[in-house]
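Scope of the values below: all heavy atoms of this structure, side chains included, with no hydrogens, waters or symmetry mates. In the text below, chain A, chain B and the rest are named by the order of the sequence lines, each starting its count at 1.
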Amino acid sequence: MRIYNTMTRQKEEFTPREPGKVGIYVCGVTPYAQTHIGHARVAVLWDVFKRYLEFKGFEVTLISNFTDVDDKIIAKANQEGLSARDIAERYIADYFEAMQALGVRPADRHPRVTEEISEIIKVVSALIEKGHAYEAGGDVYFDVASFPEYGKLSGRSPEEMEAGSRVEINPLKRNPLDFALWKAAKPGEPAWESPWGPGRPGWHIECSVMSLKYLGEGFDIHGGGLDLVFPHHENEVAQSEAFIGSPFARYWVHNGMVQVDQEKMSKSVGNTAAVREVIKHWDPLVIRFFLISTHYRSPLNFGPEELAAASKGWERLVNAKHRLDKVVLVAASGEGEETPEVVAVRQACAECREKFVAAMDDDFNTALAISALYELVRAVNPHLNQALQGNNNYRTAVWLAAFADCQGLLTVYGQILGIFPQGGTVDESDPGLVADLVELLLELRAEARAAKNWALADHIRDRLGQIGVEVKDTPSGATWELKR
RNA sequence: GGCGGCAUAGCCAAGUGGUAAGGCAGAGGGCUGCAAAACCUUUAUUCCCCAGUUCGAAUCUGGGUGCCGCCUCCA
């Protein structure tokens with residue numbers, strides 16, 4: 001596999017620290033507002049990457065944090081007369097709800113800053129002892145000058161940054177680029193006791209401490225949004241490597257921003273789309289499909305036209321999957337012949353298999369991987385039409401094996417991408433009261449159609465459609481399916 | 001102002017030296033009582049512009065233009 005590494009600005013062959021195991025840390029959210037599509041992109045991407053790595057046989061550990069104490073949370077808490085903890089809990093719950101809707105599996109651990117304070121204090125103390133940090137007025141700052149490689153991740157030099165300085169003047173800092181490891185508490189703020197007085201951790205130190213704690217030194221992959229490269233990840237590199245004296249993470253993987261009208265979606269711009277709201281209008285799986293339909297490092301524009309296109313394409317794949325699920329239940333009657341058609345379908349499977357894996361192996365190219373699925377669907381669909389309409393030439397063992405091959409591929413790759421509804425659908429093959437009632441109505445409708453009573457026939461179809469039962473006529477009778 | 005990235009059809013989007021994937025939308029066709037689904041045909045002599053390297057470039061080099069991100073909280 002090849003993965004693009006921000007540190008070296010090129011794709012590199014991926015070799016894990018320990019054969020067969022991959023440790024991944026992805027910067028999570030600061031829970032002070034509703035989870036938006038930008039957050040969803042990161043989560044969905046890493047969910048897919050993790051599933052793919054597992055498919056490849058790796059044992060994956062994914063860690064993603066919550067920054068559950070910070071200025072924004074405190075401000076929001078004061079505004080609402082609640083505690084910072086209340087605010088954090090509320091939006092962490094919102095995050096998990098959004099993730100569940102999008103089919104994102106929880107990370108192996110979701111550590112929280114407030115539960116790691118003692119670890120953080122240990123690391124900050126060690127950095128002071130090693131001469132990489134200093135206390136000033138109850139704050140503790142990292143001394144950037146003590147880390148000569150500062151800037152290596154984001155590709156900047158300290159001199160350049162000071163030249164263009166938009167960095168605020170803080171008289172406590174020795175150097176404008178120094179950043180807080182520990183912040184002294186102001187009155188009324190949540191605080192923890194420390195050797196430097198009551199206070200709380202700075203933003204960057206938590207990720208260093210938690211990633212090292214749960215994954216160890218030199219873990220495999222550190223991910224996050226492209227907007228975190230500087231200063232957040234640059235600072236993580238500096239403080240972590242100053243602390244452990246060896247490389248921090250092996251690969252740095254950053255995803256592009258979700259945009260609205262070609263502008264970054266962010267809380268400060270005020271153009272965020274909350275997952276909670278968006279899923280009222282679109283199937284969450286369409287959102288998920290949309291988020292992986294572009295390469296992860298590219299910007300992704302979020303808008304109604306883009307979603308509509310994604311939705312259509314997604315439905316095409318879902319329909320094909322459902323049709324395959326149905327056709328493989330047919331019992332074979334006879335072995336059948338190796339016709340050029342069936343050979344072509346099997347060939348399409350082989351190509352799909354090869355293309356999907358090659359695409360994902362090349363820096364998680366989900367867009368290309370999805371196109372492999374479309375090509376498979378296009379190859380099998382005409383035959384699926386025939387088979388489902390009762391053409392007996394397709395009730396053979398060779399054809400059913402070919403269909404099963406297609407179905408297997410869509411199932412396995414669909415699970416990696418997480419784009420298909422779980423649990424299948426309710427249709428005429430499911431016994432039960434619902435099926436009996438629908439069948440009864442369709443019998444009546446068939447009689448109406450036989451009598452050319454189109455008004456009644458259409459009325460039944462329309463009303464069933466409103467209830468959520470989609471009816472489709474075929475030469476061999478009507479089929480139906482429960483849509484949700 | 002500094003640093004980084006991107007520019008491919010109406011739209012979205014792959015493709016990093018060998019002659020332009022895929023999806024959506026559009027047009028035509030076939031199927032249907034109508035619809036839905038699915039199918040067939042069609043849609044970039046060309047990849048922002050200019051120069052260069054090469055037998056050959058969307059792909060490499062130089063210059064230009066436009067857009068985005070970061071430099072302040074941000075996924």
Side-chain angles (χ1 to χ4, degrees), chain A residues 6 9 11 26-30 32-33 35-43 45-46 64 67 70-72 151 154-157 159-168 177 203 223-232 234 254-259 262-269 272 290 293-295 297-301 303 305-317 319-320 322-323 355 359 362 365-375 377-378 380-386 388-389 449 452-455 457-458 461-462 465 470-475 478-479 481:
Chain A
T6 304
R9 306 206 175 271
K11 285 183 198 171
V26 178
C27 285
V29 301
T30 300
Y32 74 95
T35 306
H36 64 66
I37 297 295
H39 303 134
R41 185 177 193 190
V42 183
L45 287 172
W46 285 102
S64 188
T67 303
D70 110 318
D71 291 343
K72 297 268 175 70
S154 58
R156 331 168 175 228
S157 66
E159 302 77 54
E160 284 164 353
M161 285 184 274
E162 288 178 57
S165 80
R166 275 170 55 186
V167 186
E168 87 285 8
L177 293 175
W203 174 36
L226 199 55
D227 56 351
L228 296 182
V229 175
F230 189 89
H232 184 54
E234 191 68 68
H254 293 99
N255 61 277
M257 298 292 99
V258 175
Q259 305 183 330
Q262 314 306 322
E263 185 181 24
K264 177 184 171 184
M265 175 182 287
S266 78
K267 286 174 274 200
S268 48
V269 177
T272 58
F290 167 73
S293 62
T294 296
H295 186 88
R297 278 189 283 114
S298 301
L300 175 60
N301 203 54
E305 291 84 9
E306 288 86 348
L307 281 172
S311 179
K312 290 296 188 109
W314 175 78
E315 275 179 38
R316 194 168 138 83
L317 296 179
N319 280 334
H322 283 168
R323 280 147 44 94
K355 188 171 173 183
D362 186 11
N365 193 335
T366 50
L368 191 57
I370 289 168
S371 77
L373 264 33
Y374 281 121
E375 285 168 14
V377 165
R378 186 155 38 97
V380 75
N381 257 337
H383 305 296
L384 219 38
N385 273 351
Q386 294 291 317
L388 289 171
Q389 288 174 10
R449 293 184 71 206
K452 296 197 191 301
N453 185 349
W454 307 126
D458 291 350
R461 186 175 62 199
D462 292 347
E470 186 175 80
V471 176
K472 295 173 183 175
D473 292 318
T474 75
T479 67
E481 194 173 278

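Among the protein residues, A:Arg156 comes within range of the nucleic acid bases, having at least one heavy atom under 4.0 Å from a base atom. Residue A:Gln262 is in sugar-phosphate contact alone, with no base atom involved, counting any heavy-atom pair closer than 4.0 Å across all strands shown. Within 4.0 Å of A:His36, counting heavy atoms only, lies at least one base atom of the nucleic acid. Across all strands, A:Val258 comes closer than 4.0 Å to base atoms (heavy-atom distances). Within 4.0 Å (heavy atoms only), A:Gly28 reaches sugar-phosphate atoms of the nucleic acid but no base atom. Heavy atoms of A:Glu315 sit nowhere under 4.0 angstrom from any nucleic acid atom. Contacts of A:Lys472 with the nucleic acid, taken as non-hydrogen atoms under 4.0 Å apart, include base atoms. Across all strands, A:Val26 comes closer than 4.0 Å to no nucleic acid atom at all (heavy-atom distances). Residue A:Thr294 is classed as a sugar-phosphate contact, given heavy-atom separations below 4.0 Å to backbone atoms only. Note on A:Gly155: only backbone sugar-phosphate atoms sit closer than 4.0 angstrom, heavy atoms only; bases stay farther off. Backbone-only engagement by A:Ser298 is indicated by non-hydrogen atom pairs under 4.0 Å involving sugar-phosphate atoms exclusively. Looking at heavy-atom distances under 4.0 Å, A:Asp458 makes contact with a base. Residue A:Leu228 is in sugar-phosphate contact alone, with no base atom involved, counting any heavy-atom pair closer than 4.0 Å across all strands shown. Using a 4.0 Å heavy-atom criterion, one finds that A:Lys72 contacts the bases of the nucleic acid, with or without backbone contacts as well.
Evaluation of atom-type donor-acceptor distances gives a pair under 3.5 Å for the side chain of A:Arg461 against the base of B:rA35. For a distance-only test at 3.5 Å, the side chain of A:Asp71 fails to qualify as a donor-acceptor partner of the base of B:rC73. At a cut-off of 3.5 angstrom, counting only N and O atoms as typed in the model, there is no donor on one side facing an acceptor on the other between the side-chain of A:Arg297 and the base of B:rC6.
Protein atom CG of A:Leu368 is 7 Å distant from nucleotide atom C1' of B:rA21, rounded to whole Å. Rounded to an integer number of Å, the gap from NZ of A:Lys312 to C1' of B:rA25 is 9 Å. Distance A:His383 NE2 to B:rC40 P: 10 Å, rounded to the nearest Å.
Comparing B:rC6 with B:rA13, their P atoms are spaced 14 Å from each other, to the whole Å. Of the P atoms belonging to B:rA21 and B:rG15, the separation is 14 Å, rounded to the nearest Å. Comparing B:rU59 with B:rA7, their P atoms are spaced 11 Å from each other, to the whole Å. One C1' atom belongs to B:rC48, the other to B:rU8, and the distance between them is 10 Å to the nearest Å. Spacing between B:rG5 and B:rU41 at atom P, rounded to whole Å, works out to 42 Å. For the C1' atoms, the distance from B:rA14 to B:rC3 is 28 Å, rounded to whole Å. With C1' as the reference atom, B:rA37 and B:rC70 are 47 Å apart, rounded to whole Å. Annotation: B:rA20 and B:rA25 have their P atoms spaced 26 Å apart (nearest Å).
A sub-4.0 Å separation between OP1 or OP2 of B:rG23 and a side-chain N or O of A:Arg378 is present. OP1 and OP2 of B:rA21 both lie 4.0 Å or more from every side-chain N or O belonging to A:Lys355. Dashed line: the shortest gap from a side-chain N or O of A:Asn365 to OP1 or OP2 of B:rG15 is under 4.0 Å. In terms of phosphate contacts, A:Arg9 brings no side-chain nitrogen or oxygen within less than 4.0 Å of OP1 or OP2 of B:rG4.
Closest-nucleotide positions on RNA chain B for A:Ile37 and A:Asn301 were compared, and the one nearer the 5' end corresponds to A:Asn301. For the pair A:Gln389 and A:Val229, both in contact range of RNA chain B, the more 5′-proximal nearest nucleotide belongs to A:Gln389.
Stacking of A:Tyr374 onto the six-membered ring of B:rG23 is not present when judged by under 5.5 angstrom between centres and under 30° between planes.
Not counting sequence neighbours, A:Glu315 has no partner by the side chain to side chain donor-acceptor pair (under 3.5 Å) test.
For A:Lys264, taking side-chain heavy atoms from C-beta onward, the closest of the listed nucleotides B:rC39, B:rC68, B:rC70 is B:rC70. Ranking B:rC71, B:rA75, B:rG33 by closeness to the A:Met265 side chain, first place goes to B:rA75. Side-chain atoms of A:Gln259 lie closest to B:rC68 of the nucleotides B:rC68, B:rG33, B:rC39.
In RNA chain B, runs of at least 3 consecutive Watson-Crick or G-U pairs, each pair with both distances below 3.5 Å, span B:1-7 with B:65-71, B:10-12 with B:22-24, B:26-29 with B:39-42, B:48-52 with B:60-64.
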